[in-house]
Participant: 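Here it is: the structure, laid out below.
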Amino acid sequence: SMTNYVNALKSIAPFVGTHILGDREKQFAKISLVTFTYIRLSDLGTFYDAQEFADSLNGISTNRLESADNMVNLSLIMGMRNFTNANGLKKEVFLITDGAPDDPQNLQRVLSTAKNLKANLTSKDKDNLLKIHIFAIKPFNSRKSASENVKLLKNIANATGGTYNEVENVVELKEKILLFSNDGKPFDKKEIGNEIAIIKTHKIDDPDNPNGDKK
């Protein structure tokens, strides 16, 4: 169900990596990549180089499985384990999913893990607060109702001071990920690719209009 969106991420991976990592000399920045299905979690590594990150993302394959279960919370825990604890640096998680967590029993572990990443810091180290930004692909591939999916995903974002973002097509996903990875600053629209983001409507002849007016 995520194939088109994974392919979209592959196409912008070099730009996302460059946005976050900057020059290779920017030693403190890093990206971790985790994938998940209903039965498998994969930690694909931690990257300090934009091209190495892009290469790893491009190596991901998608499988069409019957189950719609999403091990969202466990994947968040796995990803957060790759952060350096209490170093005063900004920490963000981008969770891209087309369904809410099907492992609610792990939610408290997610929240406690996020909290522990900022342990033993002084009040001036506010940038160390970990935020989980949700990119929710609609329509949801989930047994839950749409409202329940939204509620559960918003709970994760709100609990960490993150944001909840709904996505309905690959262009929207690219735009949002590129914007967030660039600290909210404008980016070169060429990074999106060749997709047509806006489809203009054209006037056509109306066979029921004898005057031949356009509408």
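Here the structure is a predicted model, which is why all the values come from computation and not from measurement. If you read the sequence from its start, that first residue is 1, and numbering goes on from there.
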Participant: Show the nearest heavy-atom pair for residues S142 and G99, with the distance to one decimal.
Facilitator: CB-CA, 4.3 Å
Participant: Which pairs with one or both residues in residues 155-166 pass salt bridge (charged side-chain N to carboxylate O under 4.0 Å, His left out), sequence neighbours excluded?
Facilitator: K138-E166
Participant: Taking the side chain as every heavy atom from C-beta outward, state whether I156 and P101 have any pair of such atoms under 4.5 Å apart.
Facilitator: yes
Participant: Could you list all the ring-ring contact (aromatic ring centres under 6.0 Å, His included) pairs where at least one residue sits in residues 151-184, not counting sequence neighbours?
Facilitator: H133-F180, F135-F180
Participant: Considering non-hydrogen atoms only, spot the tightest contact between A157 and T163 and give its length.
Facilitator: CB-O, 3.5 Å
Participant: For a 4.5 angstrom cut-off between non-hydrogen side-chain atoms, does I132 reach V110?
Facilitator: yes
Participant: What pair of heavy atoms forms the shortest contact from S32 to N82, and how long is it?
Facilitator: OG-CB, 3.0 Å
Participant: Considering only heavy atoms from C-beta outward, does the side chain of Y5 approach that of V167 to under 4.5 Å?
Facilitator: yes
Participant: Specify the closest pair of heavy atoms between K131 and G161, including all atoms of both residues, with the distance to one decimal.
Facilitator: CD-O, 3.5 Å
Participant: Side chains of L178 and V16: closer than 4.5 Å at any heavy-atom pair?
Facilitator: yes
Participant: Do R109 and N73 make a side-chain contact, defined as non-hydrogen atoms from C-beta onward lying under 4.5 Å apart?
Facilitator: no
Participant: Could you tell me which non-hydrogen atom of L57 sits nearest to which non-hydrogen atom of K10, and how far apart they are?
Facilitator: O-CE, 3.4 Å
Participant: Find the distance between CD1 (I192) and CZ (F15) and round it off to the nearest 0.5 Å.
Facilitator: 10.5 Å
Participant: To the nearest 0.5 Å, what is the distance between CD1 (I177) and NE2 (H19)?
Facilitator: 12.0 Å
Participant: Hydrophobic cluster membership, with links at side-chain heavy-atom distances under 4.5 Å among I/L/V/M/F/W/Y: are V93 and L152 in one?
Facilitator: no
Participant: Could you check if a side-chain atom of S181 sits within less than 4.5 angstrom of a side-chain atom of F187, using non-hydrogen atoms only?
Facilitator: no
Participant: Distance from M80 atom CE to K91 atom NZ, nearest 0.5 Å?
Facilitator: 12.0 Å
Participant: Quick one: side-chain contact (heavy atoms from CB on, under 4.5 Å) partners of L44, sequence neighbours excluded?
Facilitator: L33, T35, S42, S56, I60
Participant: Just verifying a value: how many Å separate F83 CZ and E92 CD, rounded to the nearest 0.5 Å?
Facilitator: 8.5 Å
